[in-house]
Amino acid sequence: MSGAAMEAGRTLAMGQDEALGGGRRSVEAPFGRALARLGHSHPDIVGLTADLGKYTDILPFRDAFPDRFFNVGMAEQNLVAVAAGLARTGKVPFATTYGVFATRRAYDFVAIALAHSNLNVKIVAGLPGLTTGYGGTHQAIEDLALMRMIPGLTIIDPCDATEIEAATTAIAEHRGPVYIRLLRGSVPVVFEPGYRFEIGKARRLREGSDVGIISTGFMTERALDAAEALHKQGISAGVLHVPTIKPFDAEAVAEFAASVSHIVTAENHVVVGGLASLVVESLFDAGLLKTVTRIGLPDRYIECGAVPTLQAKYGLTTEAVIATIAALG
Amino acid sequence: MLRNSPPGSADIGALERKARRLRRHMLTMARGQGQGYIGQGLGIADALAALYFHELRYDPHNPAWPDRDRFLLSTGHYSIALWAALAEAGIIPVEELVTYGADSSRLEMSTLDTTPGVEMIGGSLGHGMGQGVGQALGLRIDRSDARVFVELSDGEMQEGSTWEAAMSASHFKLDGLVALIDCNGIQADGPVVLDMEPVADKWRAFGWETFEIDGNDMTAVVGALAGARQRNGKPKAIVLRTLPGKGVPRIETSEKSHFFRIDVAQWDGIIAEFEKSAGAQP
């Protein structure tokens, strides 16, 4: 967590570093840089935004390819509809806005205009879960649950800058509609350069026999740090990172769950309908009925406040993961 | 019609005959299914005849030809009219029309995009204009001079997404985009649930070059389409004043013209009435 922001005790402004790292190296605008690079080798890629270009890191692409970039103004339904039309002419649109607007506001368009026709559009959704202090209007705490229900939609919740870059390339080359959660600004680097991202594949990042942490998004960073700290306390915790929410790697989850005594899920999302639900459903299907301890946001709207304060209050910190696992006994 | 240049002078009589053929197809489909959005279909038949047999550039043997002009039917429930036009244009077989609305038929009562010649799924209203904007932008990137025609209805203008799209079309100066607004004065809950007038002024205020015509007057329809061909930096809106059920007096005057469900014997009466009013004309 950022000590400076904590000391200041203020709500971070939009556009500031809100996906907080733990003193790690970070990369500025990994999505926008990756997209700008891809633009050279993929002339069909077009960029779109709905008056949030500055705040969704897509400006490097706009600057490199001004003729392939469109800002449709504050109109998220139109953002998705225009992207659908572009896809029908063979383009590969990357449309950015905040997660709350891409989901709650444009849901019918994502479902019918995009997914029903399996169009090749990538929705890039800023401010996932609790990465802004702007309260319920801006915190996309239920986006994974909403998007999961849309048939044929691929859903990705990356952990760090390395994975954002890799996933941006992967979805550009994947044919079909994708929803990806965007960590923006100065994004921590957790994974080494050799880290491989593959759509639909979970990755076992750490072995452990006592507890198995199944995590997605930035919670994997917390899970890895917690596992390291727990190791010093004599608790062996494994970590399975599940960056693709759909299609869900149920096989890897079942295999991982079978190898540990306790299962803990960790997600930057409400504990209803997201990773925790997916894990429980997949374990039920596999006949593995184990207790699952869920770390995630409660089923309620979150208030305004400083991001570090809110993340600490709602348990999205390394310390909270350590405490939860230590309490399992 | 496979063309590479703007159409020449129209044969109004021939287009009126095409419109009658479309209406005849629609009545046959509605009789087979016993129901349908026949009022809307009959009302827009003249515009579809003018589009498919005079204005649009397409290859019936290659419906996905990249340089085709696009026709997006935003009101998916008007599918009965689109199936008639696609059949008459040679994109789908005329014999298939009898399957309209039947189980496992691809000629659904609301369009899906799995049938050749269909450019979008149009059942959820307010989707067409935005998708038309996107297609027009894509064609511009490709330096194609193909145009995009989007049909929408007066009731559909109540969906706010229509206006989001209208704003963006003029902002992007999409002069190859043409809106065909079917103003028939009916919607699901009855005539004009919300007053949408003045329709033409609204589009003009959003930066569109606007034409307002009798949508059942073939000469006027052809004239407005010709006017909409100029590439002057503005998208075009053609406000079509249409009569629901046009060509069949019993439907024209029906209070339930939004959705028409009657028995087969009554359909036979309606078809006889249509043939009588059309005279011995083809």
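Chain naming here is simple, since letters A, B, ... match the order of the sequence lines and numbering starts at 1 in each. These numbers come from the heavy atoms of this one structure, side chains and all, not from hydrogens, waters or symmetry mates.
Proximity to chain B is limited to the backbone of A/Asp67, based on heavy atoms less than 4.5 angstrom apart. Neither the backbone nor the side chain of B/Arg140 comes within contact range of chain A, judged by heavy atoms closer than 4.5 Å. If you measure heavy-atom distances from B/Leu112 to chain A, the contacts under 4.5 Å come from the side chain alone. For chain B, the nearby part of A/Asn71 is the backbone; its heavy atoms alone come within less than 4.5 Å.
Taking the six-membered ring for Trp and thresholds of 30 and 60 degrees, A/Phe101 and A/Tyr98 have nearly parallel ring planes, at less than 30 degrees apart. Between B/Tyr37 and B/His77, the angle of the ring planes goes over 60°, which puts this pair in the perpendicular group of the 30/60° scheme. Ring orientation note: the planes of B/Trp203 and B/Trp163 are tilted relative to one another, at an angle of 30° to 60°.
With chain A as the partner, the residue from B/Ser161, B/Gly128, B/Ser168, B/Pro66 showing the most heavy-atom pairs under 4.5 Å is B/Ser161. Heavy-atom pairs under 4.5 Å with chain A were tallied for B/Glu119, B/Arg70, B/His171; the largest tally goes to B/Glu119.
Ion pairing between a basic and an acidic side chain is recognised when a charged N comes within 4.0 Å of a carboxylate O; A/Lys201 and A/Asp249 show no such pairing. The pair A/Arg184-A/Glu28 does not count as a salt bridge, with every side-chain nitrogen at least 4.0 angstrom from each carboxylate oxygen. Under the 4.0 Å criterion applied to side-chain N and carboxylate O atoms, B/Glu212 and B/Arg204 are not assigned as salt-bridge partners. The pair A/Lys91-B/Asp142 counts as a salt bridge, with a side-chain nitrogen and a carboxylate oxygen less than 4.0 angstrom apart.
For residues 72-88 of chain A, heavy-atom neighbours of chain B at less than 4.5 Å comprise A/Val72, A/Ala75, A/Glu76, A/Gln77, A/Asn78, A/Ala81, A/Val82, A/Ala84, A/Gly85, A/Leu86, A/Arg88, sorted by residue number.
Of all the heavy atoms in B/Gly207 and B/Ser170, the pair that sits closest is O-CB, 3.7 Å.
Checked against the 6.0 Å centroid criterion, the rings of A/Phe61 and A/Phe65 qualify as a close aromatic pair.
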